[in-house]
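This report concerns only the one structure given below.
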Amino acid sequence: IPESGHKYYLQFSTEDYRTGEDAGSCLATVLYPKKKSPPVVSIKCSHTKDKKKMQDEDNRLYQRIRHQTKPITGNNIPDSYGNIEPALEPVWALAVAGSSSIMWEKSTETLGYFLAQVKAVKQWLRKDDFIEFDYTVLLHEIPTQEIISCHMRLTWLPGHPLKVKHFCAPESHGLDEASGAESGSAAGASAEKGANF
């Protein structure tokens with residue numbers, strides 16, 4: 001699109017991250033603006049999974065985390081062999097959802113990102129019903145093969161959008177890249193700029 005950027009039309013299928021089962025199909029348009037800013041995404045999905053079933057899975061994940069007797073902490077998830085301790089699977093699932101909003105914000109037409117590892121995670125105990133975690137995540141940048149370290153604070157309660165604040169420190173750029181609040185979910189992320197933490 002002259003003066004605006006490149007627009008892409010996509011049709012793709014989705015799958016449940018944990019089970020690999022078909023989760024539906026989507027149609028999307030993605031505009032990469034000429035100026036340096038996140039892509040503009042419009043997406044419509046048809047889900048094969050029942051909404052009640054998805055809510056039940058969210059609630060099971062939430063209850064599993066809430067019923068811990070002490071704050072959850074962990075390092076190197078997955079480990080160097082690709083294994084994730086069963087007790088840390090919910091923490092990994094939230095990291096995947098939360099880091100997707102970082103990857104969306106940082107991606108360009110020529111750069112993409114994958115969550116490589118949760119380097120460290122610590123749960124914060126709250127007096128309200130929300131759960132909150134601090135993460136250090138490593139993102140694999142494609143095609144440069146760089147590993148980008150990002151600090152991410154994630155807050156969540158089923159039925160509410162996942163809230164993510166983050167800052168990333170690429171080795172080649174120091175601490176000059178920061179973001180404000182992000183909100184979204186595994187089903188879809190939207191960005192809101194806000195104060196750094």
Side-chain angles (χ1 to χ4, degrees), residues 12-24 26 45 47 49 53-107 112-126 129-142 145-170 179 181-191 197:
F12 58 93
S13 58
T14 60
E15 64 179 37
D16 184 290
Y17 184 79
R18 288 181 312 105
T19 65
E21 66 183 291
D22 177 36
C26 301
C45 296
H47 298 287
K49 222 178 204 184
K53 187 177 177 186
M54 287 191 285
Q55 289 170 338
D56 289 346
E57 286 179 4
D58 277 356
N59 283 324
R60 276 196 299 277
L61 179 72
Y62 173 77
Q63 293 301 333
R64 199 168 154 193
I65 294 169
R66 283 292 285 184
H67 285 99
Q68 297 288 326
T69 55
K70 59 182 184 177
I72 299 169
T73 60
N75 294 293
N76 302 321
I77 309 164
D79 65 20
S80 54
Y81 300 102
N83 300 318
I84 299 173
E85 287 178 42
L88 294 174
E89 283 176 3
V91 173
W92 172 255
L94 286 174
V96 169
S99 64
S100 67
S101 67
I102 303 174
M103 293 185 274
W104 170 81
E105 184 180 292
K106 290 178 71 59
S107 291
Y113 297 87
F114 295 94
L115 175 60
Q117 188 179 51
V118 170
K119 200 68 189 152
V121 60
K122 176 184 177 183
Q123 182 180 9
W124 292 98
L125 294 180
R126 295 172 56 114
D129 291 332
F130 283 81
I131 55 174
E132 186 169 353
F133 288 92
D134 266 344
Y135 286 92
T136 301
V137 294
L138 301 180
L139 302 181
H140 186 192
E141 189 176 81
I142 304 296
Q145 301 300 318
E146 278 190 55
I147 297 295
I148 310 295
S149 177
C150 298
H151 179 83
M152 174 172 76
R153 177 158 298 174
L154 182 148
T155 310
W156 179 59
L157 179 68
H160 294 73
L162 193 66
K163 291 192 184 300
V164 178
K165 291 182 180 181
H166 75 274
F167 65 84
C168 297
S179 115
E182 299 289 327
S183 70
S185 70
S190 64
F197 65 104

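Just the heavy atoms: all of them, side chains too, but no hydrogens, waters or symmetry mates, feed the values below. Predicted, not measured: the structure shown is a model, and the values here were computed from it. Numbering starts at 1 and runs along the sequence shown.
Here the shortest heavy-atom pairing between Val121 and Val118 reads CB-CG1, 4.0 Å. The two residues Val96 and Ser99 come nearest to each other via the heavy atoms O-OG, 3.3 Å.
With no hydrogens or angles considered, a side-chain donor-acceptor pair links Lys119 and Asn76 at under 3.5 Å.
With contacts defined as side-chain heavy-atom distances shorter than 4.5 Å, the pair Tyr113/Ile102 does not qualify. Between Arg153 and Asp134, the closest side-chain pair of non-hydrogen atoms falls below 4.5 Å. Put simply, the side chain of Leu162 reaches to within 4.5 Å of the side chain of Leu94, judged on heavy atoms. Under the 4.5 Å side-chain criterion, counting only non-hydrogen atoms from C-beta, Lys163 is not in contact with Phe130. In this structure, His166 and Val137 have side chains that are not in contact, with every pair of non-hydrogen atoms separated by 4.5 Å or more. Looking at heavy atoms from C-beta onward, Leu61 lies in side-chain contact with Trp156 at the 4.5 angstrom threshold.
For the atom pair Cys168 SG and Glu141 CD, the distance stands at 10.5 Å (nearest 0.5 Å). The line from CG of Leu88 to CD1 of Ile77 is 4.5 Å long, rounded to the nearest 0.5 Å. The CD1 atom of Ile131 lies 15.5 Å from the CH2 atom of Trp124; values are rounded to the nearest 0.5 Å. With rounding to the nearest 0.5 Å, the separation of OG1 in Thr14 from NE2 in His47 is 7.0 Å. Rounded to the nearest 0.5 angstrom, Lys165 NZ and Ser101 OG are separated by 13.0 Å. Atom CG of Asn59 and atom CG of Leu157 lie 9.0 Å apart (nearest 0.5 Å).
Listed for the Gln117 side chain is a donor-acceptor partner under 3.5 Å among the backbone atoms of Pro78. Judged by distance alone, the side chain of Thr136 and the main-chain N or O of Ala120 form no donor-acceptor pair under 3.5 Å.
Test His67, Arg66, Arg60 against Gln63 for side-chain hydrogen bond (donor to acceptor under 3.5 Å, both in side chains) and you get one pass: His67.
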Please evaluate residues Ile147 and His140 with respect to the criterion side chain to side chain contact (heavy atoms under 4.5 Å, CB included), reporting the C-alpha separation (whole Å), side-chain torsions for both, the decisive distance (0.1 Å), and the verdict. CA-CA 5 Å; Ile147 297 295; His140 186 192; 4.1 Å; yes
Checklist entry - side chain to side chain contact (heavy atoms under 4.5 Å, CB included) between Leu139 and Leu115: does it pass, once the steps are laid out? => result CA-CA 5 Å; Leu139 302 181; Leu115 175 60; 4.1 Å; yes
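Two rings, from Phe167 and His151, have their centers less than 6.0 Å apart.
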